[in-house]
Structure formats: C-alpha cells, structure tokens
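Working notes for the structure below.
Model, not experiment: these values are computed from the prediction.
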Amino acid sequence: MRNVRVVGVRTSWRTVADGEFFCPDCGGDRNYLRRAGRRRLHVLGVPLLARGDARPVLECSACHGRFGLDALDHPTTVRLSAMLRDAVHTLTLALLAAGGTASRTVRETAVAAVRAAGSADCTEDELLTLLAALAADTGPMTGTYEAATGGHCGHQGLDPCGTALAIELHEALEPLAPHLAPAGRESLLLRAARIALADGPCTPAEREVLATAGAALTLDPDDVERVVAAAARGTRYRG
C-alpha cells in the first residue's frame, strides 16, 4: 500500500496522425505517431477532474521516445538528399547560364557534379535542354542560344542573379543551409566553383552566381572568396 499513489495527474494519449521523421534518439528516419493528450486528476486511480490538454508530442515507433513537434523541422535523410540534389542541380544550371556551355570541360564538370549529388542518369543533353527551357521562361537572351539544337554558345545572357535564377537559387539553398554544417555548405560552394573555373578564371557573371549562392548558404563574403580561391588552386584548366 505504501507504493500506491493516492492523488496525481495523469495524461491519457490518443493518436491523431502519423508519418515519417528523423528521430533524434535513433539517429535515422523512423515512423512516428502524433499524439494528443488530456490531463486529468486521479484519486486512487479514478479520473476525476480534467486538468487541460497536454502539449502534443511525436512518439517514435521504434524507440518510443517522445519529442516536440519541432522535431519535424529536421528533414528526413531521404528529404535532405533530395534537397541537396535539387540545390546542386539549380546551382549548376545557374553557372552554365552565366558562363556558357562552349567548353567541353565545363559541360563534363557540370554533369559530374550533378551525378555526384544523386542524379546518376544526368547527361549533357539533359542540362542543355533545361537551359533552353530556362531561356524560354526568362525571356530573350543577349547572346545566341544553340544548345537545344546541338551547338554550344558562349555567354548565355540570362542575367543570372537579377531575376528568376536568383530566386531559384535562394529557394533551393536557403532551406538547406540550416541543416548543413559550415564545412558542408563550403563543400557545396566548392563544387560549384569548380564548374565555373573549369575553363579558366571566373567571369563576373559566374562570380555573381557564386556570391548569391554563398549568401543563400549563409556564408560570409570572405568565406566565399576563400572557397573560390581554394577551388582555383585545385583546378587544372583544360579549356
């Protein structure tokens, strides 16, 4: 009898939704139950008075740990991979639009970057077709555009960070930035800089794209310059 709790407040839980999240305790993607609770005063195990609603929780189906709803702010590993793939894809297109696709080395470096980010089937033709579609969506270009018909132009004249591409860069990179360590954000920018540097020093338009990307990734301008300089030291220009 000494162990019997005479009076206390207990919470009864009910499941209101389910889904998948990144479990902080398991350290991986898991299913969860979203549970709502009602607190009641119990006397000798009998519920008597309602004491209000309990804060909703997410309960991991694997470890049964309970977490606040802010745990959903962290993307699952599957979602994070997709965000990274989309970010690299968008940044690659922006750099190709800024610097052109005349250089075979640039095209090869761009394809390699997109493939390494998870789009294993990416081809030069696919990137060039997307650039053509992008040019059609953003209006007339200052230079000729022959990519869709098999040729390769020089500077594409898409005003890379003035309108649509700047918006797309921010939309792709800003949600990703909080989930990457500083080294991860710099690594993403380093890959982009290697595309810009594949055919020689960065053009002003390419530098503008890299600066915009760095800002979206919450990197200081000095850090952006340092990353670009590191990429230049490790790049052999083959034209």
Side-chain angles (χ1 to χ4, degrees), residues 22 24 27-29 70 73-101 103 105-120 122 127 130-131 134 156 158-239:
F22 183 89
D29 295 350
D70 56 355
D73 294 339
H74 193 295
T76 63
T77 54
V78 173
R79 175 59 183 153
L80 188 60
S81 296
M83 292 169 67
L84 182 60
R85 183 173 62 249
D86 291 345
V88 171
H89 201 271
T90 301
L91 188 46
T92 298
L93 288 177
L95 286 167
L96 292 177
T101 57
S103 167
T105 304
V106 168
R107 300 193 304 273
E108 291 176 349
T109 304
V111 170
V114 174
R115 287 179 176 175
S119 299
C122 177
L127 291 181
L130 288 172
L131 278 174
L134 182 62
Q156 304 296 331
L158 282 180
D159 188 16
C161 288
T163 50
L165 277 175
I167 295 173
E168 290 200 19
L169 279 175
H170 281 280
E171 289 179 345
L173 298 177
E174 283 181 351
L176 180 64
H179 307 296
L180 296 178
R185 285 178 270 136
E186 291 185 3
S187 176
L188 182 57
L189 189 66
L190 183 68
R191 297 183 202 178
R194 287 171 177 160
I195 297 173
L197 291 161
D199 60 345
C202 290
T203 66
E206 288 170 333
R207 281 196 169 274
E208 186 181 352
V209 171
L210 294 174
T212 300
L217 290 169
T218 67
L219 295 173
D220 293 333
D222 290 345
D223 291 330
V224 173
E225 290 298 322
R226 176 173 51 79
V227 171
V228 174
R233 288 193 298 270
T235 301
R236 292 183 59 191
Y237 305 131
R238 300 196 305 270

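Residues I195 and A113 share a closest heavy-atom pair of CD1-CB, 3.9 Å. The nearest pair of heavy atoms linking L210 to A196 is CD1-CB, 4.3 Å. Annotation for A232 and L197: closest pair N-CD1, 3.4 Å, computed over non-hydrogen atoms. When all heavy atoms of D73 and H179 are compared, the closest pair comes out as O-CE1, 3.3 Å. The two residues G214 and L189 have their closest heavy-atom pair at N-CD1, 4.2 Å.
Atom OG1 of residue T90 and atom CZ of residue R85 lie 11.5 Å apart, to the nearest 0.5 angstrom. If you take CD on E168 and CG on L91, they are separated by 12.0 Å, rounding to the nearest 0.5 Å. Between the CD atom of E206 and the CG atom of L96 there is a distance of 9.0 Å, given to the nearest 0.5 Å. L169 contributes atom CG, which lies 9.5 Å from atom CG of L93 (distance to the nearest 0.5 angstrom). From M83, atom CE reaches atom OG1 of T76 across 10.0 Å, with rounding to the nearest 0.5 Å. Considering OG of S187 and CG of L217, their distance stands at 10.5 Å, rounded to 0.5 Å.
T92 pairs with exactly one of V114, V111, T109 by the side chain to side chain contact (heavy atoms under 4.5 Å, CB included) rule, that one being V114.
Two residues are said to be in side-chain contact when any heavy atoms from C-beta on lie closer than 4.5 Å; R207 and E225 meet this criterion. You'll find the side chain of L127 reaches within 4.5 Å of the side chain of H89, heavy atoms only. Residues L188 and L173 have side chains in contact (heavy-atom distance under 4.5 Å, counting atoms from C-beta outward).
Remark: side-chain polar atoms of S103 are paired, donor with acceptor, to backbone N or O of V106 under 3.5 angstrom. The closest donor-acceptor contact from the side chain of R107 to the backbone of T101 lies under 3.5 Å.
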Exercise for the section: Kindly indicate, with the supporting measurements, whether the criterion side-chain contact (heavy atoms from CB on, under 4.5 Å) is fulfilled by R194 and L190. Expected result: CA-CA 6 Å; R194 287 171 177 160; L190 183 68; 3.4 Å; yes
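A side-chain donor from one of R185 and T218 sits under 3.5 Å from a side-chain acceptor of the other.
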